[in-house]
Amino acid sequence: MTESNDLIHRTEALVRQRLAGEATGHDWYHTDRVRYLALRIAADEQIAGAEVNRLTVELAALLHDIEDWKFHKGDDSVGPRAAAAWLGVHGVDPDLIDHVAEIIATMSFKGAGVSTPMRTIEGQIVQDADRLEALGAIGIARSFAYGGFKGQMIHDPEITPAMHESFEAYKTAGGTTINHFSEKLLLLRDRMNTETGRRIAAHRHQFMESFLAEFFAEWEGKA
Ligand code: ADP
Ligand code: NI
């Protein structure tokens, strides 16, 4: 098998090149921040006594958005397969490959009424890191970038938020970006898996609440 460090560097180069210039919030810097957050959470979990395989965490974080997801939205097998194929070429242990592919396959938010449990601590860590990226100032920026890409309105008072009961309903909904806050972003704080994730999410959640308060004050001509 390729040396761990070498594998990380090669994977990093692949992802950098694949996601360069991506305009909807899934660019290389997003992946790099997910990796950083995930390793930070992993370190805290280890201090708290958990056994964490850091190589699994780092590889899953690096590869989680590897496929050009815009063209495969809804087919959640494409990303895990591409990640597995890449790791396979480098002679990575099949159990590690399966674990990374499983994490990538089960990470995403799929609607307010759909539970997305993570089986392993490594998966819980990477899921928290990716979800933190949907929160706070960066989360707000990413949501409007994605909303613009999807052709959504910023806000329309006549369209009310919906609590989606299935992935199908969630991914085909033609909502607004402001509604995306109630439909997903404000729900994430209570779905974090780890203590560190919960702490960072609480701070970012509060910032989004302030943003929304200011947004509506301006909308109503009160600010
Ligand atoms: P995940 O990271 O759970 O797989 P996505 O890839 O769908 O989720 O989301 C990536 C980013 O785009 C996140 O910041 C997310 O909140 C945002 N996003 C997803 N769907 C919408 C939407 N309908 N409107 C605005 N932003 C969205
Ligand atoms: Ni992501």
Side-chain angles (χ1 to χ4, degrees), residues 15-16 18-19 22-38 41 57-80 82-83 100 103-112 114-118 123-156 159-164 167-189 191-193 197 200-201 204-205 207-208 211-212 215:
V15 178
R16 239 180 217 281
R18 284 267 194 111
L19 302 180
E22 209 282 346
T24 71
H26 298 77
D27 52 85
W28 155 251
Y29 297 105
H30 159 67
T31 286
D32 199 30
R33 289 190 305 265
V34 171
R35 182 221 333 224
Y36 168 79
L37 278 167
I41 297 170
V57 168
E58 191 162 11
L59 287 174
L62 278 173
L63 290 166
H64 86 279
D65 275 335
I66 183 66
E67 263 313 303
D68 198 342
W69 58 277
K70 288 193 294 297
F71 302 113
H72 309 292
K73 206 63 188 161
D75 182 352
D76 37 18
S77 71
V78 180
V100 168
I103 293 173
I104 298 172
T106 54
M107 260 172 77
S108 282
F109 181 85
K110 295 194 162 74
V114 186
S115 87
T116 47
M118 257 301 167
Q124 292 173 3
I125 288 169
V126 181
Q127 187 177 56
D128 276 9
D130 194 35
R131 289 183 171 179
L132 287 172
E133 270 278 299
L135 306 182
I138 287 193
I140 294 170
R142 294 180 76 228
S143 73
F144 288 102
Y146 184 97
F149 160 75
K150 251 186 109 186
Q152 282 173 189
M153 286 181 75
I154 291 175
H155 177 48
D156 182 343
I159 303 177
T160 48
M163 292 301 113
H164 304 109
F167 187 31
E168 196 51 38
Y170 172 69
K171 74 185 180 210
T172 53
T176 68
T177 298
I178 285 294
N179 282 350
H180 186 64
F181 283 77
S182 334
E183 291 167 354
K184 171 182 174 183
L185 306 183
L186 295 171
L187 306 175
L188 295 179
R189 180 187 59 180
R191 294 193 180 198
M192 301 306 285
N193 304 302
I200 304 174
R204 295 185 181 195
H205 184 98
F207 183 81
M208 292 195 301
F211 166 78
L212 288 172
F215 182 95

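Counting convention: from 1, in listed order, for ligands and their atoms alike. For reference, positions follow the sequence shown, starting with 1. Everything numeric here is computed off the predicted structure, so don't read it as measured data.
Under the rule for a side chain to side chain donor-acceptor pair (under 3.5 Å), the partners of R33 that lie at least two apart in sequence or sit in another chain are E133. Residues satisfying the side-chain contact (heavy atoms from CB on, under 4.5 Å) criterion with Y36, sequence neighbours excluded, are R40. Evaluation of the side chain to side chain donor-acceptor pair (under 3.5 Å) rule for T177 yields Q152 as partners, not counting sequence neighbours.
Looking at Y29 and L19, their side chains never come closer than 4.5 Å, going by heavy atoms from C-beta outward. Considering only heavy atoms from C-beta on, F109 stays 4.5 Å or farther from T116 through its side chain. Between L37 and I200, some side-chain heavy-atom pair lies under the 4.5 Å cut-off.
Residues A61 and R35 come closest through the heavy atom pair CB-CA, 3.7 Å.
Taking the six-membered ring where the residue is Trp, the centroids of H155 and H180 are separated by 6.0 Å or more.
Taking any N or O of S108, backbone or side chain, at least one lies under 3.5 Å from an N or O belonging to ligand 1. Backbone and side-chain nitrogen or oxygen atoms of Y146 are examined, and none is located within less than 3.5 angstrom of a nitrogen or oxygen of ligand 1. Between T176 and ligand 1, a contact under 3.5 Å exists for no N or O pair. Every N/O-N/O distance between T24 and ligand 1 stays at or above 3.5 Å.
Judged purely by distance below 3.5 Å, without hydrogens or angles, the side chains of H30 and H64 pair a donor atom with an acceptor atom.
Close contacts between ligand 1 and L185 involve ligand atoms 16 (O) [criterion: under 4.0 Å to a heavy atom]. Atoms of ligand 1 lying under 4.0 Å from at least one heavy atom of K150, given by number and element, are 23 (N). The atoms of ligand 1 that sit less than 4.0 Å from any heavy atom of S143 are 25 (C), 26 (N). The distance from ligand 1 to the heavy atoms of K184 drops below 4.0 Å at these ligand atoms: 1 (P), 3 (O), 8 (O), 9 (O), 13 (C), 15 (C), 16 (O). Near F109, meaning under 4.0 Å from any of its heavy atoms, are these atoms of ligand 1: 3 (O).
Looking at R131 and D128, no side-chain N of the basic residue comes within less than 4.0 Å of a carboxylate O on the acidic one, giving no salt bridge.
With waters neither drawn nor counted, the protein N/O/S atoms under 2.8 Å from the Ni ion (ligand 2) amount to 4.
The nearest non-hydrogen atom to atom 11 (C) of ligand 1, considering only H30, R142, H64, comes from R142.
Atom-to-atom distance recorded for I41:CD1 and Q124:CD is 11.0 Å, nearest 0.5 angstrom.
Heavy atoms of M107 stay at 4.0 angstrom or farther from ligand 1.
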